[in-house]
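As structure tokens, the structure follows; a few thoughts come after it.
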Amino acid sequence: MKGKDKNQLSWREAFRLNGRAFRLIYKKYPQMIFSRFVSTVWDALTPYISIYLSALIIGELAGARDVERLRELVLVTLCAEALLALANAILIKWKNYVNAGSNYKWKKFYEEKLLDMDFIDVDDSRTHDLYYKIEQFRYGGGWGLMRVLLIFEKLVSALFIILGGIVLTVSLFTSRVPKASGAYMLLNHPFFLLAMVAVMFATIYLSPALTAKADRYWVKNSDARQAGNRIFCFKLAFMTYKGDLASDVRIYRQDRFMEKYDGDKSGIFYSNGLFAKYAARAGGLYYAASAAVSVAFMGIAYAFVCLKAWAGAFAIGEVTQYIASITKVSVGVSSLVGAMGDIRNNAPFLKENFRFLDIPNTMYQGSLTVEKRKDRDYEVEFKNVSFRYPGSDTWALKNINMKFRIGQRLAVVGRNGSGKTTFIKLLCRLYDPTEGEILLNGINIRKYNYRDYMSIFSVVFQDFRLFAFPLGQNVAAGMDYDKERAEDCLVKAGLGGKLKSMPEGLETHLYKDFSDNGVDISGGEAQKIAIARALYKNSPFIVLDEPTAALDPIAEAEIYSKFSEIVKDKTAIYISHRLSSCRFCDDIAVFDKGQIVQQGSHENLVADVGGKYYELWQAQAQYYT
Ligand code: ADP
């Protein structure tokens with residue numbers, strides 16, 4: 001007996017998972033399913049019309065040879081074939097139309113989930129690993145959700161092929177060998193019907209079962225295959241293809257990392273490797289056996305049909321009809337069993353798909369609306385807030401207490417890893433505090449509607465992203481935008497000069513991905529665009545996380561000199577390493593190891609010679625004095 005495969009799920013579970021996936025696809029893309037159903041049924045049944053008609057013609061040719069009747073038959077056949085071809089063309093067109101962009105459509109299931117997910121999960125590397133794994137399943141063998149549609153087609157096709165074939169073979173068993181044929185009369189015995197059906201099912205079952213067994217080696221080794229795919233993608237995409245890495249790869253000769261894989265002849269891609277081994281041994285053997293079994297069955301079918309015809313049960317026309325129909329039924333049963341195997345083999349992949357799609361939204365969603373105050377009178381308070389990242393046992397923030405009011409300029413300073421960015425992420429409710437609470441105008445921020453709450457913040461994160469869309473759309477984060485406002489924000493962010501030089505103004509594409517006229521922008525320019533985007537959103541709070549790290553000293557000075565004008569009546573929170581640039585802030589919070597160790601104005605803080613701020617200030621001042 002075979003050893004139990006740890007990846008294999010029970011039939012029940014396999015049907016449940018595939019059924020659930022099918023319903024999911026049907027709910028989203030009913031037309032896709034419907035079009036495939038119709039064209040599959042069509043594909044399955046129409047060959048029988050040709051088989052039946054050509055059997056009639058052959059029968060006539062070998063039998064009565066009535067010219068009038070022959071002419072009639074040929075005409076009917078020609079017309080039928082022409083109509084079938086025409087209808088088929090229309091069906092294919094419809095199916096292609098409904099199924100267009102299917103790659104994009106598949107991705108939508110996951111993209112929508114990712115967009116809907118709590119940030120805490122999106123930010124979790126385990127979520128990305130899982131998603132990456134699911135993508136690998138899809139590219140490396142088409143397993144997962146997409147497979148369900150193919151299995152559905154295979155099942156429908158198999159069932160209708162079998163049905164059509166049975167209709168055309170019933171008379172093989174009902175037409176009787178005449179008495180005059182002597183011993184051949186034995187062929188009339190019902191035993192032959194049973195025996196034929198039994199042999200058919202036994203043999204037909206064996207062949208696909210063997211194929212499924214061979215396929216199972218793929219499923220069994222999905223981990224190894226995934227590793228293979230990763231290495232392959234890494235080598236191809238990461239090492240050689242990714243433009244922004246090419247310089248590093250060359251300078252540090254990082255291609256040498258790949259020598260390990262290239263030199264190892266027992267590696268997965270080579271002749272002593274895992275896949276080659278399976279192809280040469282067990283897996284390959286099962287594939288070969290499966291092919292042989294099908295041929296054996298056809299031999300038996302031919303023998304039975306020919307013997308019956310020889311004995312005079314039916315004429316030559318029917319022989320072609322039966323042989324062709326039995327061949328098709330055997331193909332139908334093969335693919336039915338194959339589809340069943342697929343259902344089972346696909347189940348573990350679907351399980352991973354659902355593990356991803358079922359990630360729950362655990363973040364509490366309040367319903368209070370954030371009052372859109374004209375006076376922008378908002379007050380935010382952190383009360384005893386502590387935070388640990390999921391899966392981490394160290395506190396990223398510990399006992400944070402602070403309050404800031406509208407119109408304040410707050411600077412947050414501290415060394416790398418002291419918790420500044422985490423502080424901002426909590427403020428924007430990308431994460432909820434592990435302990436303590438954050439209040440907006442006295443109410444816990446969890447009680448507000450999430451989107452509403454988010455709308456009062458504009459943040460320029462360090463790792464912001466711009467898209468290869470037109471500049472104006474990037475600034476507005478949308479397709480339609482107010483041109484004047486976008487321009488004004490760009491000018492305020494210090495990009496006025498660059499904007500003037502752009503060939504199509506706000507309509508100029510960033511980067512060259514989508515337009516030959518696109519412009520490449522420097523890191524500093526990108527940062528200015530990100531600042532302009534934050535201004536365009538025009539929220540009461542503006543948060544700048546190291547906003548000038550990529551700017552040259554002149555651009556940086558320019559931004560600071562205009563900071564008040566840029567920020568206007570907004571509450572600004574400003575994270576920076578460069579203490580000299582924090583001087584214009586009303587209040588400075590000094591973070592150290594997740595805690596606020598000092599708070600006050602620059603003058604007060606720098607006067608405290610034993611304090612952290614003084615230490616940081618001194619460390620930097622030596623470069624300026
Ligand atoms: P800063 O912005 O001051 O450089 P951060 O707020 O980014 O500091 O980081 C504070 C601490 O939290 C650091 O120890 C950092 O390693 C940790 N940290 C930051 N992001 C994550 C994360 N996504 N998962 C786990 N730990 C994190």
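This one's a predicted model, so the numbers in the text were calculated from it and none came from an experiment. Atoms considered below: every heavy atom in the structure, side chains included; atoms not considered: hydrogens, waters and symmetry mates.
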**Message:** I'd like to know if Asp592 pairs up with Arg415 as an ion pair, taking the criterion as any Lys NZ or Arg NE/NH1/NH2 lying under 4.0 Å from an Asp or Glu carboxylate oxygen.
**Reply:** no
**Fill in**
Correct closest heavy-atom pair for Leu149 and Ile25 would be CD1-CG2, 4.3 Å
**Asked** Where do Arg147 and Glu153 land on the salt bridge (Lys or Arg N to Asp or Glu O under 4.0 Å) test, with the steps shown first?
**Response** CA-CA 10 Å; Arg147 189 57 159 243; Glu153 281 185 313; over 6 Å; no
**Request:** Check whether any side-chain heavy atom of Gln31 sits under 4.5 Å from a side-chain heavy atom of Tyr29, and report yes or no.
**Result:** no
**Request:** Classify the ring geometry between Phe457 and Phe541 as parallel (under 30°), tilted (30 to 60°) or perpendicular (over 60°).
**Result:** tilted
**Asked** Does the side chain of Glu437 pick up a donor-acceptor pair with the side chain of Asn444 at under 3.5 Å?
**Response** yes
**Item:** Cation-pi check, Arg485 onto Tyr536 ring (under 6.0 Å, within 45° of axis)
**Value:** yes
**Asked** Taking atom types as modelled and ignoring hydrogens, do the side chains of Asp545 and Thr421 form a donor-acceptor contact shorter than 3.5 angstrom?
**Response** yes
**Prompt:** Is it the case that more than 12 heavy atoms not belonging to Phe467 sit under 6.0 Å from its CZ atom?
**Reply:** no
**Message:** Assess whether a salt bridge exists between Lys528 and Glu525, defined as any Lys/Arg side-chain N lying under 4.0 Å from an Asp/Glu carboxylate O.
**Reply:** no
**Cation-pi geometry met for Lys28 and Phe109 (6.0 Å, 45°)** = yes
**Message:** If we ignore hydrogens and angles and just use 3.5 Å, is the side chain of Asn441 paired with the main-chain N or O of Glu379 as donor and acceptor?
**Reply:** yes
**Fill in**
Scanning both residues in full, the closest heavy-atom pair of His602 with Tyr613 reads ND1-OH, 2.7 Å
**Request:** Could you check if a side-chain atom of Pro540 sits within less than 4.5 angstrom of a side-chain atom of Lys570, using non-hydrogen atoms only?
**Result:** no
**Request:** Determine whether Met363 and Asp432 make a side-chain contact, defined as any pair of heavy atoms from C-beta on separated by less than 4.5 Å.
**Result:** yes
**Asked** So, for Leu350 and Gly144, which heavy atoms are closest and what is the spacing to 0.1 Å?
**Response** CD2-C, 3.6 Å
**Item:** Side chain to side chain, Leu440 and Tyr453, heavy atoms closer than 4.5 Å
**Value:** yes
**Asked** Would a 4.5 Å heavy-atom cut-off, applied to side chains only, mark Cys428 and Val459 as touching?
**Response** yes
**Message:** To check you understand the geometry: which heavy-atom pair defines the closest contact between Ile596 and Asn401, and what is its length?
**Reply:** CD1-O, 4.3 Å
**Prompt:** Heavy atoms, side chains only, cut-off 4.5 Å: are Ile529 and Leu510 in contact?
**Reply:** yes
**Prompt:** Rounded to the nearest 0.5 Å, what separation is found between the CD atom of Gln136 and the OH atom of Tyr131?
**Reply:** 11.5 Å
**Asked** Which residues pass the side-chain hydrogen bond (donor to acceptor under 3.5 Å, both in side chains) test with Asp482, sequence neighbours left out?
**Response** none
**Request:** Please tell me if the side chains of Leu544 and Ile575 come closer than 4.5 Å, counting only heavy atoms from C-beta onward.
**Result:** no
**Counterpart residues, side chain to side chain contact (heavy atoms under 4.5 Å, CB included), relative to Thr394 (two or more places apart)** = Ser392
**Any donor-acceptor N or O pair under 3.5 Å, side chains Ser35, Asn99** = yes
**Separation between CE of Met479 and CZ of Phe469, rounded to the nearest 0.5 Å** = 7.0 Å
**Donor-acceptor pair, side chain of Asp118 and main chain of Ile120, under 3.5 angstrom** = no
**Request:** Taking the six-membered ring for Trp and the single ring otherwise, decide whether the centroids of Phe382 and Phe423 are under 6.0 Å apart.
**Result:** yes
**Short N-O contact, Glu112 and Lys105, less than 4.0 angstrom** = no
**Asked** So do Leu397 and Ile400 actually touch side chain to side chain, heavy atoms under 4.5 Å?
**Response** yes
**Message:** Under a 3.5 Å threshold, yes or no: a donor from one side chain and an acceptor from the other, between Gln365 and Asn449?
**Reply:** no
**Item:** Ile424/Ile573 under side chain to side chain contact (heavy atoms under 4.5 Å, CB included): CA gap, chis, key distance, verdict
**Value:** CA-CA 9 Å; Ile424 300 301; Ile573 301 168; 3.8 Å; yes
**Message:** Please check if the number of heavy atoms outside Tyr139 that lie under 6.0 Å from its OH is greater than 12.
**Reply:** yes
**Message:** Under a 3.5 Å distance rule, please check whether His128 uses its side chain to pair with a backbone N or O of Val122 as donor and acceptor.
**Reply:** yes
**Prompt:** How about Asn474 and Arg533: does a side-chain donor come under 3.5 Å of a side-chain acceptor?
**Reply:** no
**Fill in**
Closest heavy-atom pair, Ile359 versus Met117, reported as atoms and distance to 0.1 Å, is CD1-CE, 3.9 Å
**Partners meeting ring pair (Phe, Tyr, Trp, His ring centres under 6.0 Å) with Tyr431 (sequence neighbours left out)** = Phe119, Phe387, Tyr389
**Message:** If the condition is salt bridge (Lys or Arg N to Asp or Glu O under 4.0 Å), which residues does Arg138 pass it with, not counting sequence neighbours?
**Reply:** Glu135
**Message:** For Leu410 and Met402: C-alpha separation, side-chain torsions, deciding distance, then whether side chain to side chain contact (heavy atoms under 4.5 Å, CB included) applies.
**Reply:** CA-CA 11 Å; Leu410 170 72; Met402 74 149 31; 4.0 Å; yes
**Request:** Provide the closest heavy-atom pair for Ser455 versus Ser539 in the form atom of the first, atom of the second, distance.
**Result:** O-OG, 3.3 Å
**Prompt:** Nearest 0.5 Å, what's the CG-CG distance between Leu605 and Leu579?
**Reply:** 9.5 Å
**Message:** Assess whether a salt bridge exists between Lys492 and Asp488, defined as any Lys/Arg side-chain N lying under 4.0 Å from an Asp/Glu carboxylate O.
**Reply:** yes
**Prompt:** For the residue pair Trp143 and Phe349, is the inter-centroid distance of their aromatic rings smaller than 6.0 Å?
**Reply:** yes
**Item:** More than 12 heavy atoms from other groups under 6.0 Å of NZ on Lys537
**Value:** yes
**Partners passing side chain to side chain contact (heavy atoms under 4.5 Å, CB included) against Glu487 (at least two apart in sequence or in another chain)** = Leu499, Leu506
**Prompt:** Between Lys420 and Gly414, is there a donor-acceptor pair closer than 3.5 Å when you use the side chain of the first and the backbone of the second?
**Reply:** yes
**Asked** Any luck finding a side-chain donor-acceptor pair between Lys512 and Asn517 under 3.5 Å?
**Response** no
**Asked** Can you tell me if Arg409 uses its side chain to pair, donor with acceptor, with the backbone of Gly407 under 3.5 Å?
**Response** yes
**Item:** Donor-acceptor under 3.5 Å (Tyr378 side chain, Ile456 main chain)
**Value:** no
**Request:** Please answer whether the main-chain N or O of Arg388 pairs with a side-chain N or O of Thr434 as donor and acceptor at a distance below 3.5 Å.
**Result:** yes
**Request:** Would you mind checking if Arg355 and Glu352 are paired as a salt bridge, meaning a charged N to carboxylate O distance below 4.0 Å?
**Result:** yes
**Message:** Take a 6.0 Å sphere around CG of Asp480 and say whether it holds more than 12 heavy atoms from other residues, nucleotides or ligands.
**Reply:** no
**Message:** Strictly distance-based, threshold 3.5 Å: is any side-chain N or O of Asp586 a donor or acceptor partner for the main-chain N or O of Ser601?
**Reply:** no
**Request:** Apply side chain to side chain contact (heavy atoms under 4.5 Å, CB included) to the pair Leu114 and Phe356, showing each step before the final yes or no.
**Result:** CA-CA 9 Å; Leu114 278 167; Phe356 178 83; 3.7 Å; yes
**Request:** Check side chain to side chain contact (heavy atoms under 4.5 Å, CB included) between His509 and all other residues, then give those that pass, not counting sequence neighbours.
**Result:** Pro470, Phe514, Ser515
**side chain to side chain contact (heavy atoms under 4.5 Å, CB included) evaluation trace for Val413 with Trp617** = CA-CA 11 Å; Val413 302; Trp617 176 254; over 6 Å; no
